[in-house]
Amino acid sequence: MSRIVVFGAGGRAGRAAVREAVDRGHEVTAVVRDPGRHPDLLADGLRVTAGDVTDSEQVAALAAGHAAAIHAAADLTAPPGAFFPDAARALLAGLARAGTPRLLVVGLASVLPTASGTPLMDTAGYPQEYRAFYLGHAAGVEVLRQAGAVLDWLVLSPAGDFDHAAGRTGSYRSAPADAGSRISYADLAVALLDEIDAPRHHGVHLGVERA
């Protein structure tokens, strides 16, 4: 059993990660902006605490004593070009200070390369109205890449999109970006926790889809 801190535990990906971690016997600290808005997490008996993933001092304090961190947070009120890089920098500094060696980030398929090497967001017909959000995610990943060996990190995202109606199958596979690819939140959580329990990939952004 490990201690895992989940930033953004109130969102769909974060909740799925929390559930998978608890079901595997891990001790979870669920970090949200306002615990009062998530009574269901409190009802599950989790340690639920307020925190800001863009504040390195808070990250360090919350992550102390934890073996791994999951970053599934998104602040839709903040400019994405600031939020995601700021979160990446705070996690790098805060987790290093806390001695938490492993970081799993819930990424975005839009910035993942397709089989041809072109980022999905640059393929013909791909929606562009959220491009600032895509680029914000990309900037956050680039901060991690530029940090070198400061932290053992991995970004995992759907290879395409989430299947919001699907449940947990427990199986998945790695795949390049494909707009038609799908995976459930629960199976993405399986992939995240597999990489905590038995790390296989390091310092890359990988897409996963249902097997």
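A quick note: this is a predicted structure, and the numbers were derived from the prediction, not measured. This chain uses plain numbering: 1 for the first residue, then up along the sequence.
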Taking only Lys NZ, Arg NE, NH1 and NH2, and the carboxylate oxygens of Asp or Glu, determine whether R33 and D52 approach each other closer than 4.0 Å. no

For R131 and D122, run salt bridge (Lys or Arg N to Asp or Glu O under 4.0 Å): C-alpha distance rounded to whole Å, both residues' side-chain angles, the deciding distance at 0.1 Å, then the answer. CA-CA 10 Å; R131 191 171 180 86; D122 293 333; 2.9 Å; yes

Should M121 and Y130 be marked as a side chain to side chain contact (heavy atoms under 4.5 Å, CB included) after you check the CA-CA gap, both sets of side-chain angles, and the distance that decides it? CA-CA 10 Å; M121 65 181 175; Y130 302 111; over 6 Å; no

Is there a side-chain contact between L95 and H66, using heavy atoms and a 4.5 Å cut-off? no

H26 and L193: CA distance, side-chain angles, deciding distance, side chain to side chain contact (heavy atoms under 4.5 Å, CB included) verdict: CA-CA 10 Å; H26 296 296; L193 268 296; 3.8 Å; yes

Determine, using the 4.5 Å side-chain heavy-atom cutoff (strictly less than), whether F133 and L112 are members of one ILVMFWY cluster. no

Ion pair present between R102 and D197, side-chain N to carboxylate O less than 4.0 angstrom? no

Indicate yes or no: does R168 engage E20 in a salt bridge with an N to O separation below 4.0 Å. yes

Any side-chain heavy-atom pair of V31 and V53 under 4.5 Å: no

Give me the atom names and distance for the closest heavy-atom approach of A98 to A64. CB-N, 3.7 Å

Are F7 and V141 linked, directly or through other ILVMFWY residues, by side chains that come within less than 4.5 angstrom of each other? yes

Would you mind listing every side-chain hydrogen bond (donor to acceptor under 3.5 Å, both in side chains) that reaches into residues 132-145, with sequence neighbours excluded? E142-Q146

Return yes when atom CD of E57 has more than 12 non-hydrogen atoms of other residues, nucleotides or ligands closer than 6.0 Å, and no otherwise. no

Kindly indicate whether the side chain of L192, heavy atoms from C-beta on, has any atom under 4.5 Å from the side chain of I196. no

Value for CG (L104) from CD (E195), rounded to nearest 0.5 Å, stands at 6.5 Å

Is any side-chain heavy atom of R3 closer than 4.5 Å to a side-chain heavy atom of V28? no

Taking the side chain as C-beta and beyond, is there a heavy-atom pair between V155 and V204 under 4.5 Å? no

Heavy-atom closest pair, residues S157 and L188: C-CD1, 4.3 Å

Closest non-hydrogen atom pair, A74 against F84: CB-CZ, 4.1 Å

Test item: E27 side-chain N/O and I4 main-chain N/O as donor-acceptor pair under 3.5 Å: no

Under 4.5 Å between side-chain heavy atoms, counting indirect links through other Ile/Leu/Val/Met/Phe/Trp/Tyr residues: same cluster for L108 and L76 or not? yes

Verify same cluster id: V22, L62 (apolar side-chain graph, 4.5 Å): no

Residue pairs, two or more places apart or on separate chains, that pass salt bridge (charged side-chain N to carboxylate O under 4.0 Å, His left out) and touch residues 78-95: D86-R89

Using every non-hydrogen atom in the two residues, find where P176 and A159 come nearest and quote the distance to one decimal. O-CB, 3.5 Å

Between the main-chain N or O of S171 and the side-chain N or O of T169, is there a donor-acceptor pair closer than 3.5 Å? yes

Shortest non-hydrogen pair, P35 vs T49, comes out as CG-C, 3.8 Å

Answer yes or no: is there an ion pair linking E209 with R182, defined by an N-O contact shorter than 4.0 Å? no

Flag the pair R173 / R210 as yes when at least one side-chain heavy-atom distance between them is below 4.5 Å, and no otherwise. no

Could you tell me if the side chain of L103 sits less than 4.5 Å from the side chain of D152, heavy atoms only? no

Backbone N/O of D187 and side chain of S184: donor-acceptor pair under 3.5 Å: yes

Just by modelled atom types, is the L120 backbone N or O under 3.5 Å from a matching donor or acceptor in the T123 side chain? yes

Any sub-3.5 Å donor-acceptor pair from E129's side-chain atoms to P127's backbone N or O? no

Would you give the length of the straight line joining atom NE2 of H205 to atom CH2 of W153, rounded to the nearest 0.5 angstrom? 9.0 Å

Compare every heavy atom of A16 with every heavy atom of A189, then report the nearest pair and how far apart it is. CB-O, 3.4 Å

With a 4.5 Å cut-off on side-chain heavy-atom distances among I, L, V, M, F, W and Y, is there a chain of contacts connecting V5 to L144? yes

Is there a side-chain contact between I183 and D163 in this structure, where contact means two heavy atoms from C-beta onward sitting under 4.5 Å apart? no

Please determine whether side chain to side chain contact (heavy atoms under 4.5 Å, CB included) holds for the pair V105 and L154, giving the CA-CA distance in whole Å, both sets of side-chain angles, and the decisive distance to 0.1 Å. CA-CA 6 Å; V105 177; L154 174 67; over 6 Å; no

